[in-house]
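Please read these numbers as outputs of a predicted model, since none were measured by experiment.
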Amino acid sequence: MITPMALEWEQIIVDSSDPVSLGRWWAEALGWVVVDESEEIIEIRPEPDRMPGLLFVPVPEGKTSKNRLHPDFRPDDQEAEVARLLSLGARRADTAQDEQHWVTLLDPEGNEFCVLGERKS
């Protein structure tokens, strides 16, 4: 029998054309804190000693297609949260969302994320 190794989820790496700007946007959107920042990278976390975090790093190429991984968030009030995120600079994604219980948004660099509605019983 193989014994699993102990793993701690440290962070997710986010490729970006402007990591510091995008990282600051996500810090504001999530209410997180900056724990490391240079001219090229920025790391944010829910609290200074709480993980996982998001590490934004530079890449030379721009986003070319749909993300392979994206976060989903479930707020207390979906409509209010969508309005707040749009006011911060998020944009609505061009997807059909007629009967869906979530809203797909794009961050300032076009990365998808969803704001979920109430949890169904």
Side-chain angles (χ1 to χ4, degrees):
M1 177 178 250
I2 297 175
T3 305
M5 296 181 68
L7 293 175
E8 182 178 10
W9 182 5
E10 176 110 358
Q11 59 200 2
I12 292 177
I13 308 302
V14 181
D15 294 344
S16 175
S17 62
D18 186 352
V20 174
S21 177
L22 188 61
R24 287 183 182 151
W25 186 88
W26 275 105
E28 184 174 2
L30 296 171
W32 287 15
V33 296
V34 174
V35 295
D36 188 21
E37 182 177 348
S38 71
E39 289 182 16
E40 292 193 344
I41 64 104
I42 186 170
E43 181 181 359
I44 65 172
R45 294 184 188 165
E47 297 171 11
D49 295 325
R50 188 169 150 218
M51 294 184 276
L54 296 172
L55 177 63
F56 297 82
V57 300
V59 293
E61 68 279 353
K63 183 174 178 286
T64 58
S65 63
K66 185 177 184 292
N67 291 23
R68 302 285 303 256
L69 172 74
H70 75 258
D72 287 350
F73 302 101
R74 189 177 307 278
D76 293 333
D77 182 337
Q78 180 191 43
E79 186 176 332
E81 188 61 18
V82 167
R84 184 185 76 84
L85 292 163
L86 291 171
S87 76
L88 293 176
R91 301 179 319 275
R92 288 185 181 272
D94 289 333
T95 58
Q97 298 183 352
D98 297 334
E99 297 297 320
Q100 297 173 357
H101 300 285
W102 64 86
V103 176
T104 304
L105 298 177
L106 306 173
D107 74 12
E109 289 197 12
N111 299 301
E112 297 93 359
F113 64 99
C114 292
V115 182
L116 307 176
E118 282 187 41
R119 190 176 304 276
K120 296 223 175 204
S121 300

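Under the side-chain hydrogen bond (donor to acceptor under 3.5 Å, both in side chains) criterion, Ser21 pairs with no residue at all, not counting sequence neighbours. Here Lys63 pairs with Glu112 under the salt bridge (Lys or Arg N to Asp or Glu O under 4.0 Å) rule; sequence neighbours left out. By the side-chain contact (heavy atoms from CB on, under 4.5 Å) test, Glu118 pairs with no residue at all, sequence neighbours left out. Considering only residues two or more places apart in sequence or on other chains, Trp26 meets the side-chain hydrogen bond (donor to acceptor under 3.5 Å, both in side chains) condition with Asp107. With sequence neighbours excluded, the residues satisfying side-chain contact (heavy atoms from CB on, under 4.5 Å) with Pro52 are Trp9. Remark: Glu10 engages Arg45, Met51 in a side-chain contact (heavy atoms from CB on, under 4.5 Å) (not counting sequence neighbours). Partners of Asp72 according to the side-chain contact (heavy atoms from CB on, under 4.5 Å) rule, which considers only residues two or more places apart in sequence or in another chain, are His70, Cys114, Leu116.
Hydrophobic side-chain contacts under 4.5 Å tie Met5 to no other Ile, Leu, Val, Met, Phe, Trp or Tyr residue. Ile41 belongs to a hydrophobic cluster with Ile13, Leu55, Val57, counting contacts under 4.5 Å between side-chain heavy atoms of Ile, Leu, Val, Met, Phe, Trp and Tyr, direct or through other members. Grouped by direct or indirect side-chain proximity (heavy atoms under 4.5 Å, Ile/Leu/Val/Met/Phe/Trp/Tyr only), Val35 sits with Val33.
Atom CZ in Phe56 sits 4.5 Å away from atom CD1 in Ile44 (nearest 0.5 Å). Distance check, rounded to the nearest 0.5 Å: CH2 of Trp32 to CZ of Arg50 gives 7.5 Å.
Pairs engaging residues 16-37 under the salt bridge (charged side-chain N to carboxylate O under 4.0 Å, His left out) rule: Arg24-Glu37 [sequence neighbours left out]. Within the structure, the salt bridge (charged side-chain N to carboxylate O under 4.0 Å, His left out) test picks out the following pairs touching residues 75-91 (sequence neighbours left out): Glu81-Arg84.
For CD of Gln11, the number of neighbouring non-hydrogen atoms (other residues, nucleotides, ligands) closer than 6.0 Å is greater than 12.
Under the 4.5 Å side-chain contact rule for hydrophobic residues, Leu54 and Val59 do not share a cluster.
The closest donor-acceptor contact from the side chain of Arg74 to the backbone of Gly117 lies under 3.5 Å. Under the 3.5 Å distance criterion, the side-chain polar atoms of Glu40 are left unmatched by any main-chain donor or acceptor of Pro58.
Summarising the geometry of Leu88 relative to Ala29, their closest heavy-atom pair is CD1-CA, 3.8 Å, with the distance given to 0.1 Å. Annotation for Leu22 and Pro108: closest pair CD1-CD, 3.9 Å, computed over non-hydrogen atoms. Pro19 and Ile42 make their closest contact through O-CG2, 3.2 Å (heavy atoms, listed as atom of the first residue, atom of the second, distance).
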* Asked: Can Phe73 and Leu85 be said to form a side chain to side chain contact (heavy atoms under 4.5 Å, CB included), step by step?
  -> CA-CA 12 Å; Phe73 302 101; Leu85 292 163; 6.0 Å; no
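Between Leu106 and Arg92 the shortest side-chain heavy-atom distance does not fall below 4.5 Å. No side-chain heavy atom of Pro46 sits less than 4.5 Å from a side-chain heavy atom of Leu30.
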